[in-house]
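Below is one structure; the comments refer to it alone.
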Amino acid sequence: MIINKIAQDKIDFDLGVHLLLDNKYSFEELFKTLQFYIFNSIPNKTNYDSAAYQIAINTIPLKPTFTPIVILKSFPAKIAFSKLVFLPENENKKTIISLLWIFKITDTERRNTECKNGCGHFWHEIN
């Protein structure tokens with residue numbers, strides 16, 4: 001639920017990152033969850049590319065030369081994700097921050113378009 005609260009600006013992004021990464025988090029579980037959320041928030045399921053996805057990868061609040069961002073910008077989404085999961089452990093936090101940001105942007109777009117008149121997604125009803 002923290003991820004959805006971050007995406008909906010109910011928890012500040014930086015605080016949310018801290019909450020997610022402060023505990024002994026499982027990179028694999030968090031990565032899989034964010035990948036699932038992102039792929040479901042992108043409207044074009046044929047190539048998982050959308051204007052919101054492009055905006056998201058170009059506005060990640062990290063240096064654009066960091067490896068996860070270079071990969072996200074250089075490859076289609078599915079290929080990029082298959083590469084991100086195998087980066088060295090010292091790239092894990094940057095990867096999670098990047099994916100969390102992408103989900104925040106793509107889910108905001110989805111809430112403002114597909115879901116703006118109600119959608120039944122329980123995660124869009126967080127109080």
Restricting to side chain to side chain contact (heavy atoms under 4.5 Å, CB included), what partner residues turn up for [X], sequence neighbours left out?
X   : result
F75 : I71, I79, A80, K83
K63 : T65, F66
E91 : T67, P68, L87, P88, K94, T95
D14 : D12

Contact between [X] and [Y] at the side-chain level, heavy atoms closer than 4.5 Å - yes or no?
X    : Y    : result
I6   : L20  : yes
I97  : F13  : yes
Q54  : I57  : yes
I105 : E109 : no

Checklist entry - Between R110 (side chain) and N40 (backbone), is there a donor-acceptor pair under 3.5 Å? => result yes
Checklist entry - Is there a donor-acceptor contact under 3.5 Å from the side chain of D107 to the main chain of F103? => result no
Item to check | side chain to side chain contact (heavy atoms under 4.5 Å, CB included) between N92 and L21, worked out | outcome: CA-CA 10 Å; N92 286 358; L21 300 179; over 6 Å; no
Item to check | Results of side-chain hydrogen bond (donor to acceptor under 3.5 Å, both in side chains) for T59 - residues two or more places apart only | outcome: W101
For residues 26-36, tabulate all N or O donor-acceptor pairs below 3.5 Å that involve a side-chain atom, not counting sequence neighbours.
| residue | atom | partner | partner atom | Å |
| --- | --- | --- | --- | --- |
| S26 | OG | E29 | N | 3.2 |
| T33 | OG1 | E29 | O | 2.9 |

Item to check | Least distance between heavy atoms, L62 atom then I69 atom | outcome: CB-CD1, 3.6 Å
Next on the checklist: Testing the basics here: between S74 and V70, what is the closest heavy-atom pair and its distance to 0.1 Å?
Outcome noted: OG-O, 2.7 Å
Checklist entry - What pairs with Y53 under ring-ring contact (aromatic ring centres under 6.0 Å, His included), at least two apart in sequence or on another chain? => result none
Checklist entry - Partners of D9 by salt bridge (Lys or Arg N to Asp or Glu O under 4.0 Å), sequence neighbours excluded? => result K104
Checklist entry - Shared ILVMFWY cluster between I2 and I102, side chains joined below 4.5 angstrom? => result yes
Checklist outcome for this item: In this structure, NZ of K5 is separated from CG of L15 (nearest 0.5 Å) by 11.5 Å
Next on the checklist: Rounded to the nearest 0.5 Å, what separates atom CD1 in I55 from atom OG1 in T106?
Outcome noted: 11.0 Å
Item to check | Of F39, Y37, F86, the residue whose pairing with F81 passes ring pair (Phe, Tyr, Trp, His ring centres under 6.0 Å) | outcome: F39
